[in-house]
2 protein chains.
Amino acid sequence: MHILIVEDELGIVQFLQQGLEEEGYQISTAADGAQGYELSQNEPFDLILLDWMLPKMTGIEVCKAIREKDKITPIIFLTAKDTVQETIEGLKAGANDYIKKPFSFEELVERIKIHFRNQQQDEILTLGSIEINLAQYLVLVNEEEVSLTHREFELLCYLVKNKGKVCTRNQIIEDVWDIHFEYDTGVIDVFMNAIRKKLNLKIEQDYIKTVRGVGYIAND
Amino acid sequence: MHILIVEDELGIVQFLQQGLEEEGYQISTAADGAQGYELSQNEPFDLILLDWMLPKMTGIEVCKAIREKDKITPIIFLTAKDTVQETIEGLKAGANDYIKKPFSFEELVERIKIHFRNQQQDEILTLGSIEINLAQYLVLVNEEEVSLTHREFELLCYLVKNKGKVCTRNQIIEDVWDIHFEYDTGVIDVFMNAIRKKLNLKIEQDYIKTVRGVGYIAND
DNA sequence: TTTATTCTTAAGCTAAAATTAAGAATATAA
DNA sequence: TTATATTCTTAATTTTAGCTTAAGAATAAA
């Protein structure tokens with residue numbers, strides 16, 4: 001999650017940046033309104049923290065400018081302007097929240113999380129640098145999309161879901177192929193081969209190992 | 001827009017109800033936590049205003065209970081509990097905002113509006129260069145109007161609303177056809193075929209892909 | 001080295017999806 | 001209401017993706 005901080009007081013910027021990075025967010029900063037608006041147009045942010053009093057463009061102006069095109073990205077005002085009228089002006093400009101200085105950092109974090117709650121509900125499995133998006137039936141290897149067939153996808157998911165445990169050929173045939181009797185063709189091998197070929201992992205990325213005589217195991 | 005007020009102090013309830021009705025909202029009220037939770041389960045509200053100190057169930061308990069099933073409906077705490085710790089507790093329970101008494105009615109209205117902003121704007125859906133106007137049942141492809149039948153329109157909307165996620169055949173039959181048992185004729189295929197034919201997209205505009213063995217996915 | 005296991009490849013087969021057409025159901029107009 | 005047009009559904013046909021098999025190559029174990 002990538003957050004843009006638009007604030008001119010260096011002390012506050014550093015305080016926010018450090019705290020939010022510790023929370024696991026990626027942070028970009030802008031020291032004046034114009035630069036903040038500029039940045040917001042060049043790359044997509046997941047949330048924007050905005051001061052009111054800024055050089056070149058005020059926070060209100062930045063907020064309105066962003067909202068002309070983008071109605072979605074959450075914007076939170078973070079400002080010493082604490083009258084009701086100012087709060088209302090900020091919210092009317094299109095902000096999603098308005099927090100008055102001095103504020104509690106912990107409360108800020110909770111208020112930030114509110115906006116991410118609704119977005120993060122897609123289930124994602126990972127195996128090393130492999131990312132599996134279950135909702136999209138999508139596999140990313142080192143950020144690159146790899147297209148697997150349905151069976152390949154299911155087999156990979158099965159191994160990843162059982163990360164750290166050896167999956168025997170029998171278990172795989174049972175659970176992935178749904179065959180409940182002795183079955184010993186080379187199907188699994190063929191599919192493992194196809195998956196490995198498509199994932200095209202480097203030698204040091206040996207996330208999927210074969211356990212000779214038994215089956216396979218995934219591990220990051 | 002229908003708002004539920006859960007608050008035991010009659011004076012505040014009347015004040016809120018009158019003010020919000022003047023703003024054009026439909027209001028329901030509950031005088032204790034248990035009744036508030038009960039109401040929230042029986043009919044869908046667009047937003048819930050929640051006091052903290054309530055008879056029978058506290059606001060926190062109501063909030064958590066609602067959030068067990070429903071992660072979406074905005075919940076705003078409106079309470080005299082004004083410490084940082086309490087605010088955080090409220091937000092962590094799943095609330096979307098936390099307003100401290102005494103509050104400005106005007107600010108409350110603005111904060112309520114924030115949550116409706118996002119809902120009301122999806123009158124128009126887009127998928128690449130396809131534009132779907134829900135209010136007019138109108139579809140534009142590269143600015144050109146395309147006339148779809150009702151079912152075709154619904155199916156297309158469903159895919160677009162779930163943009164980025166694979167829609168399985170079962171989900172489609174459930175949600176678009178409203179059939180709740182195993183049903184495996186070729187209807188979906190026929191309609192997908194009709195939609196694709198009518199949209200008449202170029203090869204590079206492959207916004208609607210079939211996911212073999214699973215279903216379909218829309219993506220711009 | 002011998003033997004067993006796993007990997008790789010390619011060809012045939014199977015099942016899923018696309019297409020088409022025709023009849024049933026529903027909506028619209030006369 | 002009846003007549004007409006539109007839309008929906010079913011079913012048969014064609015096409016295509018991908019699953020399976022089997023056989024030889026490569027690799028690991030004995």
Side-chain angles (χ1 to χ4, degrees), chain A residues 137-139 145-159 166-203 205-218, chain B residues 137-139 145-159 166-203 205-218:
Chain A
Y137 277 77
L138 198 76
V139 178
E145 184 176 337
V146 168
S147 90
L148 299 184
T149 71
H150 189 217
R151 263 275 153 64
E152 289 162 358
F153 187 86
E154 292 223 315
L155 175 51
L156 179 60
C157 283
Y158 184 75
L159 291 171
V166 174
C167 302
T168 68
R169 284 156 185 280
N170 280 338
Q171 284 167 356
I172 292 172
I173 279 295
E174 282 253 334
D175 297 340
V176 180
W177 267 260
D178 211 30
I179 291 172
H180 303 287
F181 48 87
E182 199 59 33
Y183 190 81
D184 186 21
T185 57
V187 220
I188 296 172
D189 308 57
V190 172
F191 274 81
M192 284 305 311
N193 178 243
I195 290 172
R196 282 170 166 163
K197 210 182 221 168
K198 287 189 180 179
L199 294 183
N200 190 28
L201 296 166
K202 301 196 180 71
I203 309 133
Q205 297 174 308
D206 54 345
Y207 306 133
I208 302 171
K209 290 185 198 128
T210 105
V211 182
R212 205 155 231 266
V214 188
Y216 299 87
I217 186 170
Chain B
Y137 272 77
L138 201 74
V139 178
E145 185 176 335
V146 168
S147 90
L148 299 185
T149 72
H150 187 68
R151 263 277 151 65
E152 290 162 357
F153 187 85
E154 292 226 315
L155 175 51
L156 180 60
C157 284
Y158 184 74
L159 292 171
V166 173
C167 303
T168 67
R169 283 158 183 278
N170 280 337
Q171 286 167 355
I172 292 172
I173 279 294
E174 282 253 335
D175 297 340
V176 179
W177 266 262
D178 210 32
I179 291 173
H180 304 287
F181 47 88
E182 199 60 32
Y183 190 81
D184 186 20
T185 57
V187 220
I188 296 172
D189 307 56
V190 174
F191 275 80
M192 284 305 311
N193 182 241
I195 290 171
R196 281 169 166 163
K197 214 181 220 168
K198 288 188 179 180
L199 294 181
N200 190 29
L201 296 166
K202 301 196 179 70
I203 309 134
Q205 298 174 308
D206 55 346
Y207 305 133
I208 302 172
K209 292 189 196 121
T210 105
V211 182
R212 205 157 234 264
V214 188
Y216 298 86
I217 186 170

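First the proteins, then the strands, lettered A, B, ... as listed; each starts at 1. Predicted model only: the values in this text are computed from it and were never measured.
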*asked:* It should be established whether Arg151(B) places a side-chain nitrogen or oxygen under 4.0 Å from OP1 or OP2 of nucleotide dT7(D).
replied: no

*To the nearest Å, how far apart are His150(B) NE2 and dC8(D) P?*
8 Å

_Tell me the closest heavy-atom pair linking Val176(B) and Glu154(B), and the distance in Å._
O-OE1, 4.0 Å

_Using a strict heavy-atom distance below 4.0 Å, which residues from residues 168-181 of chain B are in contact with DNA chain D?_
Trp177(B)

*What about the rings of Tyr158(A) and Trp177(A), do their centers lie closer together than 6.0 Å?*
no

*Hey, can you tell me if Tyr137(B) and His150(B) have their rings parallel, tilted or perpendicular (30° and 60° cut-offs)?*
parallel

*asked:* Would you say that Leu201(A) contacts Asp206(A) through its side chain, given a criterion of any heavy-atom pair below 4.5 Å between the two side chains?
replied: no

_Contact check, side chains of Met192(B) and Tyr216(B), non-hydrogen atoms, under 4.5 Å_ = yes

_Pairwise side-chain contact, Phe191(A) with Asp189(A), heavy-atom cut-off 4.5 Å (strictly under)_ = no

*Those residues of residues 184-194 of chain B lying under 4.0 Å from DNA chain C by at least one heavy atom*: Asp189(B), Val190(B), Asn193(B)

*For Tyr216(B), answer base if it contacts any base atom (sugar-phosphate contacts may also be present), sugar-phosphate if it contacts only those atoms, and nothing otherwise; contact means non-hydrogen atoms under 4.0 Å.*
sugar-phosphate

*Could you state the atom-to-atom distance from CD1 of Ile208(A) to C1' of dT6(C) in whole Å?*
15 Å

*asked:* Minimum heavy-atom separation for Gln171(B) and Val166(B), please, with both atom names.
replied: OE1-O, 3.6 Å

*Between dT6(D) atom C1' and Tyr137(B) atom OH, what is the distance in whole Å?*
17 Å

*asked:* Closer than 4.0 angstrom, basic N to acidic O: yes or no for Arg169(A) and Asp184(A)?
replied: no

Protein and nucleotides 13-15 of chain D: nitrogen or oxygen contacts under 3.5 angstrom:
none

_I need the CD1-C1' distance between Ile195(B) and dC8(D), as an integer number of Å._
13 Å

*dT7(D) P sits how many Å from Leu155(B) CG, rounded?*
16 Å

*Is a side-chain donor or acceptor of Lys198(B) paired with a backbone partner of Val146(B) at a separation under 3.5 angstrom?*
no

*Do any side-chain nitrogens or oxygens of Thr149(A) fall under 4.0 Å of OP1 or OP2 in dC19(D)?*
yes

*Once you round it to whole Å, what is the distance between P of dT19(C) and NZ of Lys198(B)?*
15 Å

*Presence of Lys197(B) side-chain N/O under 4.0 Å of dA18(C) phosphate oxygens OP1/OP2*: no

_Between dA17(D) (C1') and Phe153(A) (CZ): distance, integer Å_ = 18 Å

*Determine whether Val139(B) and Glu145(B) make a side-chain contact, defined as any pair of heavy atoms from C-beta on separated by less than 4.5 Å.*
no

*Is any side-chain heavy atom of Leu199(B) closer than 4.5 Å to a side-chain heavy atom of Glu152(B)?*
no

